[in-house]
Amino acid sequence: MTALVITLFAVALLAYVALPLLFPKQADPLPSLRDPELEDLEEERDALFRAIRELNERTDLDTERGSQLRARYEAKAAKVLQAVDARQTALEGHSPGAVSTGRRRPPYATLTLLGIALVSAVVLGGFVLPRIGENATVTTFFEGDLEAARALRDLQRAADRLPNAATLGALADAYWQLGDAEQAEAIYLRLLAEVAPVPAVAYQRLGLLQLQGDLSEAERYLTLARDAEPSDLDTLATLGEVHFALGELEAAREAWQAYLDQPAGRDEPLVIARLDLLDAVAPLTAAVAEEPSEDNLLALADTFWQREERERAVELYFRVLTTLNPRSVRSLSRAGELLFLTGRSDAAVSLLDQARLVAAEDGALLEAGSLLFLGNALFSLDRFGDAVAVWEEYLTVAEEPGRVPDLIASARARLEQADDGASDPSVAGRELFVARCASCHGAAGQGGSGPVLAGNRRAADADNVSSAIRFGRGAMLGFAGTLNDDEIALVTGYLVTELAPAEAP
């Protein structure tokens, strides 16, 4: 049926193209409205831009190789842009020429090629290369994509001919490695429905695919994977984390202990640390379950906070604020600190200021660490005078001054510049960064929904940074339409000279 449909389509296309060529007097000549050379250059430009965007989504390249390819594509794109500008300049003032109306002999070569295309359509039938690229909408031919598409086609054919654990597993793994989660999940589910016994890796991958959505479903698949392959270390480690996130502490302990019982997992420091955390929070969790008092909740939250489990800790601090004590200084300050670390400086200042006010009403000062966070948050919002006042208060309670005197000096210098009307490129670049980029990358470049920039060696490459800001990268949209060249240069300079050399938080 597919071959018949394609054959009819090819015949119709052949007639549509061939008849005007065989009978030229029946068709009116049309002017050529586009310059072929300019069209080729624009197509090449668009292909290079797509390739640069797609390159950022690939996970099979190491950083150095990715940087080399990006530099190559961006250099070529720059040359093509210059060629486009030159061609447009050359065409200014020239009107398109008309197609000749003289009698021509039938183009036998063209008709022969069309006939070959017709035969090929019949022979090939429904053959289509799987599409590889951003959102699987465009097949590109940069650096092995065509080979990947052919390999995927061969795996698909093998799975259709003989759907067993080996062929379906190989096809699902190929989609997994390409980052196509939807297709990978569909093939793994097909494997579950059509193959017995189900390979442990299929259960494991389905569990991993559910981690960002339904933890209970992830737990179910990972448990099946553990039952099918009890010694798999990746499954045991991940299953322990899922049990822990769902509050099933004893189940988490069993999974992590099973990990350490395997010869290859013995003495693994990360798993030992997770069991140590479990030992610390288990009695506190039991105490909260028995009596959810403010003291018990704060004790459990503080333990999570000290063990760098800050999101879990803040959930408990907010529980205290919303159900028990809205004036809990520790809960207010910890929640504010986490908000600042995730780049939400306005909300952080609101909570930390409230904690400072409540502490003052109780005749106490905010903890030194919280004062430091509040000063940093105020500084990130360009409230330099307020930041100085908070940091000076910090110096009265801190055991060591650290870098705070330097921060105070910097804030005062910014105040003087504002008073003098001075224009400092680094200040302007930082202001643009905070306004445009901090919501994803953090006010200090510490990362958030976007990658960490502070201490990132890739952020030291001015060309790479400028290209990312201008055209976007991955899920990040470009700012070419909202920032002018001078503003892009200011943000690039701030990243390269201030954030990239900084110590990673």
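All values derive from a computational prediction rather than experimental measurement.
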Would you say the side-chain atoms of [X] and [Y] include a donor-acceptor pair closer than 3.5 Å?
X    : Y    : value
E219 : Q210 : no
Y221 : D214 : no
D232 : Q204 : yes

Between T396, L395, V404, V397, which is the residue that forms a side-chain contact (heavy atoms from CB on, under 4.5 Å) with L371? V397
Taking all non-hydrogen atoms of both residues into account, name the closest pair between [X] and [Y] and its distance.
X    : Y    : answer
L321 : S328 : CD2-O, 3.9 Å
W176 : A184 : N-CB, 3.8 Å
V314 : R334 : CG2-O, 4.1 Å

For [X], check ring-ring contact (aromatic ring centres under 6.0 Å, His included) against everything at least two apart and list the hits.
X    : answer
Y494 : F433
Y259 : none
F304 : none

side-chain hydrogen bond (donor to acceptor under 3.5 Å, both in side chains) with E248: which residues, sequence neighbours excluded? H243
Return the set of residues passing side-chain hydrogen bond (donor to acceptor under 3.5 Å, both in side chains) with R45 (not counting sequence neighbours), or none when no residue passes. none
Indicate yes or no for a side-chain donor-acceptor contact from [X] to the backbone of [Y] under 3.5 Å, with no hydrogens or angles considered.
X    : Y    : result
Q446 : A444 : yes
S466 : D463 : no
N325 : E294 : no
D362 : A364 : no

I need the [X] [atom1] to [Y] [atom2] distance, nearest 0.5 Å.
X    : Y    : atom1 : atom2 : result
L324 : L297 : CG    : CG    : 6.0 Å
R220 : L239 : CZ    : CG    : 13.5 Å
T238 : L208 : OG1   : CG    : 5.5 Å
E42  : L81  : CD    : CG    : 10.5 Å
L155 : D173 : CG    : CG    : 9.5 Å
D234 : R226 : CG    : CZ    : 15.0 Å

Sorted by first residue and then second, give each salt bridge (Lys or Arg N to Asp or Glu O under 4.0 Å) pair with at least one member in residues 311-321; sequence neighbours left out. E309-R312
For residues 348-360, which side-chain N or O atoms pair as donor and acceptor with protein atoms under 3.5 Å away, sequence neighbours left out?
unit_1	atom_1	unit_2	atom_2	d
R356	NE	E393	OE1	3.2
R356	NH2	E393	OE1	2.7

Test side chain to side chain contact (heavy atoms under 4.5 Å, CB included) applied to [X] - qualifying residues, sequence neighbours left out:
X    : result
A200 : A228, E229
S293 : E291, D295, N296
A258 : L236
E400 : none

Is [Y] paired with [X] through a side-chain N to carboxylate O contact shorter than 4.0 Å?
X    : Y    : answer
R414 : D382 : no
R330 : E367 : no
E308 : R310 : yes

May I have the list of side-chain donor-acceptor pairs in residues 372-380 shorter than 3.5 Å, sequence neighbours left out?
unit_1	atom_1	unit_2	atom_2	d
N376	ND2	L372	O	3.3
S380	OG	S345	OG	3.0
S380	OG	A377	O	2.7

May I have the step-by-step check of side chain to side chain contact (heavy atoms under 4.5 Å, CB included) for R274 and E241, ending in yes or no? CA-CA 9 Å; R274 300 305 282 170; E241 292 294 342; 2.9 Å; yes
